Amino acid sequence: QVQLVESGGGLVQAGGSLRLSCAGSGRTYSRYVMGWFRQAPGKEREFVAAITWSWSGGDTGYADSVKGRFTISRDIAKNTVYLQMNSLKPEDTAVYYCAAQVGFERLFRPEEYTYWGQGTQVTVSS
């Protein structure tokens with residue numbers, strides 16, 4: 001089992017920044033693909049970013065809507081993955097979830113992930 005705990009959400013004005021963290025515990029964490037997803041009220045959960053396992057950083061992937069604004073990274077030693085969110089827009093408002101799946105390739109669909117955190121609310125005001 002892997003336990004994931006997100007933190008760092010909050011209320012921010014449009015154009016501002018937030019950094020989300022996802023701390024993992026339990027079974028060996030380092031060989032998991034990690035992803036960030038978000039879900040706004042009345043909408044399906046959607047992919048935001050993903051990162052593979054690597055001591056040198058890992059391969060990353062982003063949804064088109066966040067490319068150039070969000071950056072995913074991970075600290076293998078700390079069992080933590082981050083999502084740096086810059087130039088936030090009101091449409092980024094959602095509950096953000098981190099997810100983990102054993103493997104070495106980027107995964108982009110929520111059904112491909114086994115382990116999920118409880119989510120953290122991000123609200124961007126206009």
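Nothing fancy with the numbering, it's 1 onward along the sequence. These numbers come from the heavy atoms of this one structure, side chains and all, not from hydrogens, waters or symmetry mates. These numbers come from a predicted model, not from an experiment.
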Please tell me whether Asp75 and Thr80 have a donor and an acceptor in their side chains that are separated by less than 3.5 angstrom.
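No - no donor-acceptor pair under 3.5 Å links their side chains.
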Under 3.5 Å side-chain donor-acceptor pair for Ser125 and Gln13
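No pair is found: no donor N or O on one side chain lies under 3.5 Å from an acceptor on the other.
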Please report, to 0.1 Å, the donor-acceptor pairs under 3.5 Å made by any side chain of residues 102-110, with sequence neighbours excluded.
{"residue": "Arg106", "atom": "NH1", "partner": "Thr60", "partner atom": "O", "Å": "2.6"}
{"residue": "Arg109", "atom": "NH2", "partner": "Glu112", "partner atom": "OE2", "Å": "3.4"}

Note: Lys67-Asp64 ion pair, threshold 4.0 Å (strictly below):
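Looking at Lys67 and Asp64, the cut-off is met.
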Any idea which heavy atoms bring [X] and [Y] closest together, and the distance?
X     : Y      : answer
Leu88 : Val12  : CD1-CG1, 3.6 Å
Leu4  : Tyr115 : CD1-O, 3.6 Å
Ala99 : Tyr113 : CB-CD2, 3.5 Å
Gln39 : Lys43  : NE2-O, 3.1 Å
Leu83 : Ala49  : CD1-CB, 4.2 Å

So, using side chain to side chain contact (heavy atoms under 4.5 Å, CB included) as the criterion, who are the partners of Ser87 when residues are at least two apart?
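Listed in chain order: Arg69.
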Do Val66 and Met34 sit in one hydrophobic cluster, given that two such residues count as connected whenever their side-chain heavy atoms are within less than 4.5 Å of each other, even indirectly?
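Looking at the clustering, Met34 is in the same group as Val66.
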Transitive ILVMFWY side-chain link Tyr82 to Val33, under 4.5 Å:
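Result: no, two separate clusters.
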Taking the six-membered ring for Trp, are Phe37 and Trp116 closer than 6.0 Å centroid to centroid?
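Phe37 vs Trp116: aromatic centres under 6.0 Å.
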If we ignore hydrogens and angles and just use 3.5 Å, is the side chain of Gln84 paired with the main-chain N or O of Phe70 as donor and acceptor?
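Absent.
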